[in-house]
Amino acid sequence: MKDCNCIFCKIANGEIPSATLYEDDEFRVILDLNPAAKGHSLILPKEHYANLFEIPEDVLGRAAAVAKKVSGKLFTALHATGLNLVQNNGRSAGQTVFHFHLHMIPRYDDDNVKVGWVPGSLTEQDAKEIVSYFK
Ligand code: AMP
Ligand code: ZN
(Lines give C-alpha, C1' and ligand atoms only; values in the text may rest on other atoms or scores of the structure.)
(Ligands and ions follow the chains in the order given, each with its own letter.)
Protein backbone atom coordinates (compact mmCIF):
# COMPACT_ATOMS: atom_id res chain seq x y z
CA MET A 1 0.00 0.00 0.00
CA LYS A 2 1.22 3.45 -0.84
CA ASP A 3 1.11 6.12 1.85
CA CYS A 4 -0.14 9.43 0.42
CA ASN A 5 1.74 11.48 2.99
CA CYS A 6 5.06 9.84 2.24
CA ILE A 7 7.50 11.72 0.03
CA PHE A 8 9.36 8.56 -1.02
CA CYS A 9 6.07 6.96 -2.13
CA LYS A 10 5.52 9.98 -4.35
CA ILE A 11 9.07 9.96 -5.71
CA ALA A 12 9.16 6.18 -6.22
CA ASN A 13 5.89 6.27 -8.13
CA GLY A 14 6.88 9.25 -10.29
CA GLU A 15 4.45 11.79 -8.78
CA ILE A 16 7.44 13.94 -7.79
CA PRO A 17 10.28 14.14 -10.33
CA SER A 18 13.68 12.83 -9.34
CA ALA A 19 17.08 12.16 -10.89
CA THR A 20 16.39 8.51 -11.66
CA LEU A 21 19.22 6.07 -12.38
CA TYR A 22 17.14 2.90 -12.63
CA GLU A 23 13.49 1.91 -12.57
CA ASP A 24 11.52 -1.32 -12.80
CA ASP A 25 8.02 -2.42 -11.69
CA GLU A 26 9.05 -2.59 -8.08
CA PHE A 27 11.87 -0.07 -7.46
CA ARG A 28 13.20 3.34 -8.39
CA VAL A 29 16.81 4.32 -7.77
CA ILE A 30 17.41 8.06 -7.36
CA LEU A 31 20.26 10.39 -6.58
CA ASP A 32 20.18 11.61 -2.98
CA LEU A 33 19.49 15.37 -2.79
CA ASN A 34 22.10 15.81 -0.06
CA PRO A 35 24.83 13.39 -1.12
CA ALA A 36 27.54 12.30 1.28
CA ALA A 37 29.71 11.74 -1.79
CA LYS A 38 29.38 11.97 -5.56
CA GLY A 39 26.88 9.36 -6.77
CA HIS A 40 25.14 8.81 -3.40
CA SER A 41 21.93 7.09 -4.44
CA LEU A 42 18.83 5.60 -2.83
CA ILE A 43 16.92 2.45 -3.74
CA LEU A 44 13.22 3.03 -3.09
CA PRO A 45 10.59 0.30 -3.29
CA LYS A 46 7.40 1.58 -4.95
CA GLU A 47 5.32 0.03 -2.16
CA HIS A 48 5.44 1.65 1.26
CA TYR A 49 7.31 -0.24 3.98
CA ALA A 50 8.50 1.86 6.90
CA ASN A 51 11.70 -0.06 7.55
CA LEU A 52 13.60 -3.35 7.46
CA PHE A 53 11.15 -4.99 9.84
CA GLU A 54 8.19 -4.29 7.54
CA ILE A 55 9.67 -5.06 4.13
CA PRO A 56 8.96 -8.66 3.02
CA GLU A 57 11.99 -10.91 2.56
CA ASP A 58 11.42 -11.46 -1.14
CA VAL A 59 11.22 -7.71 -1.83
CA LEU A 60 14.36 -7.16 0.23
CA GLY A 61 16.12 -9.84 -1.78
CA ARG A 62 15.21 -8.14 -5.03
CA ALA A 63 16.35 -4.77 -3.58
CA ALA A 64 19.72 -6.39 -2.87
CA ALA A 65 19.92 -7.56 -6.49
CA VAL A 66 19.20 -3.99 -7.66
CA ALA A 67 21.88 -2.72 -5.25
CA LYS A 68 24.43 -5.09 -6.74
CA LYS A 69 23.61 -4.11 -10.31
CA VAL A 70 23.33 -0.32 -9.86
CA SER A 71 26.17 0.07 -7.37
CA GLY A 72 28.48 -1.85 -9.71
CA LYS A 73 27.67 0.56 -12.49
CA LEU A 74 28.09 3.61 -10.21
CA PHE A 75 31.39 2.27 -8.94
CA THR A 76 32.79 1.83 -12.44
CA ALA A 77 31.34 4.97 -14.04
CA LEU A 78 32.45 7.28 -11.21
CA HIS A 79 35.84 5.61 -10.71
CA ALA A 80 35.04 5.07 -7.03
CA THR A 81 37.55 3.23 -4.86
CA GLY A 82 34.98 1.90 -2.38
CA LEU A 83 31.24 1.81 -1.73
CA ASN A 84 29.07 1.62 1.38
CA LEU A 85 25.58 0.17 1.50
CA VAL A 86 23.79 1.82 4.41
CA GLN A 87 20.28 1.24 5.66
CA ASN A 88 18.91 3.09 8.70
CA ASN A 89 16.00 1.92 10.85
CA GLY A 90 14.49 4.19 13.48
CA ARG A 91 15.31 7.73 14.57
CA SER A 92 18.10 6.56 16.88
CA ALA A 93 19.79 4.90 13.90
CA GLY A 94 19.57 8.08 11.83
CA GLN A 95 16.45 7.29 9.81
CA THR A 96 14.76 10.53 8.75
CA VAL A 97 12.42 9.29 6.01
CA PHE A 98 10.21 6.46 7.21
CA HIS A 99 9.91 4.62 3.91
CA PHE A 100 12.44 1.80 3.54
CA HIS A 101 15.44 2.80 1.46
CA LEU A 102 18.91 1.54 0.84
CA HIS A 103 21.75 4.05 0.52
CA MET A 104 24.54 3.36 -1.97
CA ILE A 105 27.47 5.65 -1.20
CA PRO A 106 30.43 5.50 -3.58
CA ARG A 107 33.66 6.21 -1.74
CA TYR A 108 36.86 7.91 -2.88
CA ASP A 109 40.28 8.05 -1.29
CA ASP A 110 40.39 10.89 1.28
CA ASP A 111 36.70 11.77 0.78
CA ASN A 112 36.21 12.46 4.49
CA VAL A 113 32.80 10.76 4.55
CA LYS A 114 31.98 9.45 8.02
CA VAL A 115 30.13 6.13 8.09
CA GLY A 116 31.17 4.51 11.30
CA TRP A 117 31.31 4.16 15.05
CA VAL A 118 33.79 4.09 17.89
CA PRO A 119 34.51 0.38 18.51
CA GLY A 120 33.56 -0.81 21.99
CA SER A 121 34.48 -4.06 23.74
CA LEU A 122 32.15 -7.07 23.82
CA THR A 123 31.56 -8.11 27.44
CA GLU A 124 31.11 -11.77 28.37
CA GLN A 125 27.77 -10.91 29.95
CA ASP A 126 26.42 -9.27 26.77
CA ALA A 127 27.71 -12.11 24.62
CA LYS A 128 25.99 -14.72 26.86
CA GLU A 129 22.74 -12.76 27.05
CA ILE A 130 22.47 -12.04 23.34
CA VAL A 131 23.48 -15.52 22.20
CA SER A 132 20.83 -16.95 24.59
CA TYR A 133 18.05 -15.20 22.59
CA PHE A 134 19.05 -17.22 19.53
CA LYS A 135 19.00 -20.65 21.17
P1 AMP B 1 17.76 8.33 6.14
O2 AMP B 1 18.45 9.30 7.05
O3 AMP B 1 18.40 6.99 6.08
O4 AMP B 1 16.27 8.27 6.40
O5 AMP B 1 17.98 8.93 4.68
C6 AMP B 1 17.13 9.82 4.06
C7 AMP B 1 17.89 10.34 2.86
O8 AMP B 1 16.96 10.87 1.94
C9 AMP B 1 18.88 11.47 3.19
O10 AMP B 1 20.17 11.10 2.72
C11 AMP B 1 18.31 12.67 2.44
O12 AMP B 1 19.32 13.50 1.91
C13 AMP B 1 17.50 12.00 1.34
N14 AMP B 1 16.36 12.76 0.84
C15 AMP B 1 15.38 13.32 1.58
N16 AMP B 1 14.46 13.89 0.76
C17 AMP B 1 14.88 13.65 -0.50
C18 AMP B 1 14.35 13.96 -1.79
N19 AMP B 1 13.23 14.65 -1.93
N20 AMP B 1 15.03 13.53 -2.88
C21 AMP B 1 16.20 12.85 -2.75
N22 AMP B 1 16.73 12.52 -1.57
C23 AMP B 1 16.09 12.92 -0.46
ZN1 ZN C 1 6.21 5.62 1.42
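As a basis for the values below, the full set of heavy atoms in this structure was taken, side chains included, without hydrogen atoms, waters or symmetry mates. Atoms within each ligand, like the ligands themselves, are counted from 1 in listed order.
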List ligand 1 atoms under 4.0 Å from [X], heavy atoms only on the residue side.
X     : value
Leu31 : 21 (C)
Asn88 : 1 (P), 2 (O), 3 (O)
Asn34 : 12 (O)
Gly94 : 1 (P), 2 (O)

Any N or O on [X] sitting closer than 3.5 Å to an N or O of ligand 1?
X     : result
Gln95 : no
Leu33 : yes
Ile30 : no
Ile7  : no

For the backbone of [Y] and the side chain of [X], can you confirm whether one donor and one acceptor N or O come within less than 3.5 Å of each other?
X      : Y      : result
Glu54  : Tyr49  : no
Asn89  : Asn51  : no
Lys38  : Ala80  : no
Ser41  : Val29  : no
Asp111 : Val113 : yes
Asn84  : Val86  : no

Closest heavy-atom contact between [X] and [Y]?
X     : Y      : value
Gln95 : Gly90  : OE1-N, 2.7 Å
Leu44 : Ala12  : CB-CB, 4.0 Å
Ala63 : Leu102 : O-CD2, 4.3 Å

Measure the distances from the heavy atoms of [X] to every atom of ligand 1 and state whether one is below 4.0 angstrom.
X     : answer
Val86 : no
Phe8  : yes
Ser18 : no
Ile16 : no

For [atom], the protein heavy atom that lies nearest, with its residue and separation:
atom                    : value
atom 19 (N) of ligand 1 : Ile11 CD1, 3.5 Å
atom 11 (C) of ligand 1 : Asp32 OD1, 3.4 Å
atom 4 (O) of ligand 1  : Thr96 N, 2.7 Å
atom 1 (P) of ligand 1  : His101 NE2, 3.1 Å

Next item on the list: Output the atom name for the N/O/S atom of His99 with the smallest distance to the Zn ion (ligand 2).
Entry: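 So the atom name we want here is ND1.
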Checklist line | Minimum-distance atom from the Zn ion (ligand 2) among N, O or S atoms of His48 | finding: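 Result: ND1.
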Item checked: For atom 3 (O) of ligand 1, the option (of His103, His40, Lys10) bearing the nearest heavy atom ->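 Closest candidate by heavy-atom distance is His103.
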Next item on the list: Report the part of Gln87 (side chain from C-beta onward, or backbone N, CA, C, O) that has a heavy atom under 4.0 Å from ligand 1; answer both or neither where that applies.
Entry: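 It is neither; nothing of Gln87 touches ligand 1.
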Notebook entry, point to check: Do Val115 and Arg107 have side chains that get closer than 4.5 Å, going by heavy atoms?
Noted result: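 Touching, per the 4.5 Å side-chain cut-off.
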Next item on the list: Please find out if less than 6.0 Å separates the ring center of His103 from that of His101.
Entry: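 Close enough - the centres of the two rings lie under 6.0 Å apart.
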Note to self: Just by distance, no angles: are the side chains of Asp110 and Tyr108 close enough, under 3.5 Å, to form a donor-acceptor pair?
What the structure shows: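 No, Tyr108 and Asp110 have no side-chain donor paired with an acceptor closer than 3.5 Å.
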Check: If the Zn ion (ligand 2) is the vertex, what is the angle to SG of Cys9 and SG of Cys6, rounded to 10 degrees?
Finding: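 It comes to 120°.
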Notebook entry, point to check: Thinking salt bridges, do Arg28 and Glu23 make one under a 4.0 Å N-O criterion?
Noted result: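 So Arg28 pairs with Glu23 through a salt bridge.
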